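Read the structure below first, then the notes.
Remember, it's a predicted structure, so these values are computed and weren't measured experimentally. Below, chains carry the letters A, B, ... as their sequence lines are ordered, and counting in each starts from 1.
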Number of protein chains: 2
Amino acid sequence: MVSATLTKLSDLDGQAPFNGCQENFKQPEAAGKHLGRKQRLSAHDVLFYEGDKAERLYEVVRGVMMLYKLLPDGRRQVVYILREGDMLGFSNRDFFDCTAEALTEVELQVFESREISTSPMMQHYVNRCLLSQMEILHEHTVLLGRKSALERVSTFLMSLVPNRGGHGCSGPNEEGRPDTKTVALSMTRQEIADYLGLTIETVSRVISQLKRRGLIKVEKQDSIHITNICGICQLTGMH
Amino acid sequence: MVSATLTKLSDLDGQAPFNGCQENFKQPEAAGKHLGRKQRLSAHDVLFYEGDKAERLYEVVRGVMMLYKLLPDGRRQVVYILREGDMLGFSNRDFFDCTAEALTEVELQVFESREISTSPMMQHYVNRCLLSQMEILHEHTVLLGRKSALERVSTFLMSLVPNRGGHGCSGPNEEGRPDTKTVALSMTRQEIADYLGLTIETVSRVISQLKRRGLIKVEKQDSIHITNICGICQLTGMH
DNA sequence: AAATTCGATTGTTTCAGATCAAATTACTGA
DNA sequence: TCAGTAATTTGATCTGAAACAATCGAATTT
């Protein structure tokens with residue numbers, strides 16, 4: 001539906017209009033104004049809480065964040081992981097439906113909601129962003145609803161391998177791509193468990209199992225060397 | 001972020017621009033043109049398959065549809081239920097990421113993707129629609145990742161009670177709202193199971209349990225009379 | 001360097017939900 | 001109305017992941 005090719009909203013300044021926008025909208029002044037509206041977070045800082053008034057949008061410029069929801073008894077579900085170029089802070093109503101917390105040091109670009117809703121170009125960009133998040137959510141829904149613990153952890157690991165994870169997760173190696181890669185988890189076992197709908201112990205056991213099978217090496221607690229990407233890929237339930 | 005109040009895109013014809021759009025965009029001609037571009041489906045007709053080329057958007061005018069994804073071994077996860085006023089057919093890339101199937105007889109309004117991407121007003125509307133779907137997906141993610149079978153089925157039943165389900169699912173009855181309601185499931189046990197990440201047997205057992213506890217009465221297979229909405233609401237895990 | 005702390009791992013037991021297997025009930029079309 | 005079929009319910013058993021319980025190990029503090 002949309003054919004623009006930008007990958008970051010903060011790159012938008014001074015750019016030509018998208019292909020998608022056939023009309024010649026005048027470049028909204030807002031577009032050039034948000035430079036310097038940056039914000040920094042340390043790991044585990046909360047950017048906003050579920051229920052807070054939603055007045056700003058954010059783009060992750062550097063680092064990793066998560067969105068999560070809590071049940072009254074303390075159960076937590078991480079619903080989305082945000083990486084460089086991802087946007088957050090959307091809301092349909094007046095308040096956020098999730099809590100946003102930094103997983104690592106984070107640098108954000110801040111936008112006032114008005115800036116977005118008054119700029120068709122930004123609107124269009126945000127749209128693309130929402131669609132991409134939606135597809136990832138659909139995929140994650142399958143993971144949570146239908147996959148085993150082994151499949152969940154394998155899928156998670158694959159999602160950390162550029163161009164192999166989320167979407168273009170093509171099967172066994174067609175071209176001569178390297179079949180090995182070190183990935184940074186940027187998450188504790190607890191955070192991974194809350195993302196994958198498992199317990200910390202199950203995540204740990206699956207990781208140990210993959211280690212024993214010789215598919216991965218745990219370099220540091222949050223850094224895993226995948227020695228056999230194809231092998232992991234076969235375990236995702238998608239091939 | 002967005003303040004428009006329309007609830008159906010097909011109502012858009014001849015309407016004044018949204019509050020959110022401060023600029024004076026000329027009313028795009030497209031807006032008046034899609035009248036009559038309707039499509040009808042029978043129950044279990046597939047509108048499009050995952051992987052099909054995405055060229056049209058659809059609005060559900062009447063009936064219920066579902067979006068689902070399949071794993072290669074046949075496991076299915078229903079990722080979204082679409083009701084009157086919902087839109088489907090969005091895609092970030094060129095093809096659909098889910099299969100869309102009618103659960104009941106359905107009447108659709110059809111839009112060419114171009115109609116949308118060239119109209120800021122429609123773009124804005126679609127945006128709102130995506131945000132609302134996103135919030136429901138977040139909530140469903142919590143259900144799949146963290147809720148018990150009893151909580152899942154109860155949450156599902158509550159989602160069928162207007163103004164009590166999804167969002168404004170307020171707790172026990174504050175005002176004198178009626179605490180009883182007959183809801184149409186519009187889905188088989190298998191479809192419910194695939195939506196809730198359970199098996200058909202577990203769904204059936206939970207329904208029997210609720211029946212035994214006197215919280216619901218099964219009128220027809222796909223029509224349930226909730227005799228104690230508050231009671232069900234307490235079982236959703238959200239109170 | 002020892003002590004403390006926090007996260008991760010590993011072992012054991014338990015249990016919710018899956019699987020397998022009938023039996024029952026509800027629809028369909030002649 | 002009555003087969004015949006499909007969907008649902010119910011029962012029995014099994015199993016994967018949760019829960020509970022140490023233990024281990026790495027990082028931080030003193």
Any donor-acceptor pair under 3.5 Å from [X] side chain to [Y] backbone:
X        : Y        : value
B:Thr104 : B:Gly63  : no
B:Thr180 : B:Ile226 : yes
A:Asn92  : B:Leu131 : no
B:Thr236 : B:Ser154 : no
A:Ser208 : A:Ser204 : yes
B:Gln77  : B:Tyr195 : yes
A:Asp86  : A:Leu88  : no
B:Ser132 : B:Arg128 : no

Q.
Show me the pairs that pass salt bridge (Lys or Arg N to Asp or Glu O under 4.0 Å) and involve residues 185-202 of chain A, at least two apart or across chains.
A.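 Every salt bridge (Lys or Arg N to Asp or Glu O under 4.0 Å) pair that includes a residue of residues 185-202 of chain A, provided the two are not neighbours, is A:Arg76-A:Asp194, A:Asp194-B:Arg146.
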
**Q.** Range on DNA chain D touched by chain B - first to last nucleotide, heavy-atom distance under 4.0 Å
**A.**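 It runs D:dA7 to D:dA12.
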
Q) How large an angle, rounded to 10°, do the end axes of the helix from C:dA1-D:dT30 to C:dA30-D:dT1 enclose when each is built from five base pairs? A)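 Computed from the C1' atoms at both ends, the axes differ by 50°.
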
(Q) Just to be sure I understand the geometry, which residues of residues 141-152 of chain A put a non-hydrogen atom under 4.0 Å away from DNA chain D? (A)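 Close to the strand are A:Ser148, A:Ala149.
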
(Q) Going 5' to 3' along DNA chain C, between which two nucleotides do contacts with chain B fall, using a heavy-atom cut-off of 4.0 Å? (A)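 Footprint of chain B along DNA chain C, 5' to 3': C:dG17 to C:dA26.
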
(Q) Any residue in residues 200-216 of chain A with a heavy atom nearer than 4.0 angstrom to DNA chain C? Just list them by number, or reply none. (A)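 Here the set is A:Glu201, A:Ser204, A:Arg205, A:Ser208.
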
Q: Taking the side chain as every heavy atom from C-beta outward, state whether B:Val79 and A:Glu139 have any pair of such atoms under 4.5 Å apart.
A: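 No - every pair of side-chain heavy atoms lies 4.5 Å or more apart.
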
Q: Would you confirm whether the ring centroid of B:Tyr80 sits within less than 6.0 angstrom of the ring centroid of B:His140?
A: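 Distance test on ring centres: not under 6.0 Å, no.
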
**Q.** From A:Leu157, A:Val218, A:Thr202, residue fulfilling side-chain contact (heavy atoms from CB on, under 4.5 Å) relative to A:Ile207
**A.**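 Passing option: A:Val218.
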
Q) side-chain contact (heavy atoms from CB on, under 4.5 Å) with A:Ser223: which of A:His225, A:Gln221, A:Lys220? A)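 That would be A:Lys220; it is the only one of A:His225, A:Gln221, A:Lys220 passing the side-chain contact (heavy atoms from CB on, under 4.5 Å) with A:Ser223.
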
Q) How are the rings of A:Phe96 and A:Phe48 set to each other: parallel, tilted or perpendicular (split at 30° and 60°)? A)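 Parallel: the ring planes of A:Phe96 and A:Phe48 meet at under 30°.
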
Q | Derivation and outcome, side-chain contact (heavy atoms from CB on, under 4.5 Å), residues A:Lys147 and A:Met238 | A | CA-CA 10 Å; A:Lys147 291 191 181 179; A:Met238 300 163 84; 3.6 Å; yes

